[in-house]
**Q** 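Can you read through this structure? Questions will come right after.
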Number of protein chains: 2
Amino acid sequence: MTVSFAEIKASTPMVFESGCSTRVILDHIMSKWGVLVLASLSDGTRRWGELRREVDGISEKMLATTLRTLVDDGIVHRESFPTVPPHVEYSLTPLGRDLMERMLPLIGWVAEHADTMVARS
Amino acid sequence: MTVSFAEIKASTPMVFESGCSTRVILDHIMSKWGVLVLASLSDGTRRWGELRREVDGISEKMLATTLRTLVDDGIVHRESFPTVPPHVEYSLTPLGRDLMERMLPLIGWVAEHADTMVARS
DNA sequence: CTGTATCCAATTCGATACTG
DNA sequence: CAGTATCGAATTGGATACAG
């Protein structure tokens with residue numbers, strides 16, 4: 001049973017309106033770096049430096065911005081340990097794990113088909 | 001059965017590399033306007049003007065760019081009828097329908113939870 | 001109706017340097 | 001180690017005008 005977009009719009013009519021909450025959250029989690037950070041975290045807790053290395057090509061600025069946004073949205077949990085040197089861990093919240101259950105099949109599909117699709121152009 | 005990101009990476013090791021095909025396609029379909037255009041098309045064939053109205057806030061330039069990209073990727077089919085005035089129809093290809101089967105649950109989830117999430121910040 | 005072309009504004013982004 | 005601050009480059013994006 002697949003839900004149609006028409007049904008989604010019917011239940012939440014504002015979904016398509018510019019600036020609505022759905023659009024805002026969509027932008028956060030579907031952003032260039034948001035997807036990749038979330039994907040990495042879906043495999044388990046990560047430290048700042050691990051994310052920096054694992055998400056190939058991300059700058060410190062973008063990692064910081066992306067993480068702060070996702071933490072504010074309640075998707076990512078940030079836990080800092082008052083040690084010297086500092087130790088900070090990032091992980092998915094229950095909400096974030098729920099989200100990634102829907103996102104991973106999509107990422108998997110893209111990983112499977114991307115080569116064929118790019119070859120076309 | 002949910003696939004883990006680790007498994008996805010294992011089967012397609014380049015998934016996380018900057019500039020790889022997966023990243024390119026991910027950027028196309030997860031882009032600000034790409035998601036919305038695809039969502040609209042998932043409900044059926046649309047003409048240029050219909051998309052322009054239905055995707056609230058999109059400019060002609062961005063609609064043109066987004067559509068061309070998705071057509072090139074083989075996700076969207078473009079059919080133009082040689083009439084005066086011109087008549088052009090856009091629809092999902094089989095590949096596109098396959099993709100949207102994975103994307104719609106995600107969009108639905110976001111539509112459901114977005115209000116709570118934004119309220120937090 | 002379905003676009004394209006151009007120009008300009010806004011935003012994103014990366015590199016670098018620096019701090020607790 | 002885990003960030004922040006700043007700056008300039010690059011990209012995106014919108015408005016407008018116009019063409020087939």
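Everything numeric here is computed off the predicted structure, so don't read it as measured data. Note: hydrogens, waters and symmetry copies are ignored here, and every other heavy atom, side chains too, is used.
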**Q** Pull out every residue in residues 76-89 of chain B that has a heavy atom closer than 4.0 Å to any atom of DNA chain D, ordered by number, or say none.
**A** B/Pro86
**Q** D/dT4 P sits how many Å from A/Leu63 CG, rounded?
**A**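 After rounding, the reported distance stands at 10 Å.
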**Q** With no hydrogens and no angle check, is any side-chain donor or acceptor of B/Ser42 less than 3.5 Å from a backbone partner on B/Ala39?
**A**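 Between the backbone of B/Ala39 and the side chain of B/Ser42 there is a qualifying donor-acceptor contact (under 3.5 Å).
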**Q** Can you check the B/Met62 CE to D/dT11 C1' distance for me, whole Å?
**A** 10 Å
**Q** Check this one for me: any side-chain N or O of A/Tyr90 less than 4.0 Å away from OP1 or OP2 of D/dC1?
**A** no
**Q** Under a 4.5 Å cut-off applied to non-hydrogen side-chain atoms, are B/Ile29 and A/Val110 in contact?
**A** yes
**Q** Could you check whether any side-chain N or O of A/Ser11 sits under 3.5 Å from a backbone N or O of A/Ile8, counting only pairs where one atom can act as donor and the other as acceptor?
**A** yes
**Q** Look at the side chain of B/Glu101 and the backbone N and O of B/Asp98, then say whether any donor-acceptor pair between them is shorter than 3.5 Å.
**A** no
**Q** The test is side-chain contact (heavy atoms from CB on, under 4.5 Å); show your working for A/Met103 and A/Leu38 and say whether it passes.
**A** CA-CA 9 Å; A/Met103 179 112 75; A/Leu38 286 172; 3.9 Å; yes
**Q** Give a yes or no answer on whether the side chain of A/Arg47 reaches the backbone of A/His87 with a donor-acceptor pair at less than 3.5 Å.
**A** no
**Q** With the side chain counted from C-beta on, respond yes when A/Trp48 and A/Glu50 share a heavy-atom pair under 4.5 Å apart, and no when they do not.
**A**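 SC-SC contact between A/Trp48 and A/Glu50 ruled out.
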**Q** Evaluate A/Arg46 against A/Glu89 for salt bridge (charged side-chain N to carboxylate O under 4.0 Å, His left out), listing each step before the verdict.
**A** CA-CA 6 Å; A/Arg46 295 280 186 275; A/Glu89 289 182 355; over 6 Å; no
**Q** Which nucleotide in the set D/dA15, D/dT4, D/dC7 lies at the smallest distance from any side-chain heavy atom of A/Lys61?
**A**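 Of the options given, the side chain of A/Lys61 lies nearest D/dC7.
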**Q** Under 3.5 Å, side chain of B/Ser40 to main-chain N/O of B/Leu36, donor-acceptor pair present?
**A**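 Pair absent, no side-chain N/O of B/Ser40 close to backbone of B/Leu36.
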**Q** With sugar-phosphate meaning primed atoms plus P, OP1 and OP2, does A/Arg47 contact a base, only sugar-phosphate, or nothing at under 4.0 Å between heavy atoms?
**A** sugar-phosphate
**Q** Compare side-chain N and O positions of A/Arg52 against OP1 and OP2 of D/dG3 and report whether any pair is under 4.0 Å apart.
**A** no
**Q** If only atom types and distance count, is the side chain of A/Thr12 paired as donor or acceptor with the main-chain N or O of A/Met14 below 3.5 Å?
**A**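 Side chain of A/Thr12 to backbone of A/Met14: no pair is present.
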**Q** Please walk me through it: do B/Glu17 and B/Lys9 pass salt bridge (charged side-chain N to carboxylate O under 4.0 Å, His left out)?
**A** CA-CA 10 Å; B/Glu17 267 178 35; B/Lys9 271 194 299 185; over 6 Å; no
**Q** So what is the end-to-end bend of the helix from C/dC1-D/dG20 to C/dG20-D/dC1, with 5 pairs used at each end and the value given to 10 degrees?
**A**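 Here the local axes at opposite ends form an angle of 50°.
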**Q** Pick the nucleotide of DNA chain C nearest each of B/Gly49 and A/Glu60; which residue has the one closer to the 5' end?
**A**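 Going by which nucleotide is closer to the 5' end, it is B/Gly49.
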**Q** First and last nucleotide of DNA chain C touching chain A, 5' to 3', heavy-atom cut-off 4.0 Å?
**A** C/dC13 to C/dG20
**Q** In whole angstrom, what separates B/Trp48's CH2 from D/dG20's C1'?
**A** 14 Å
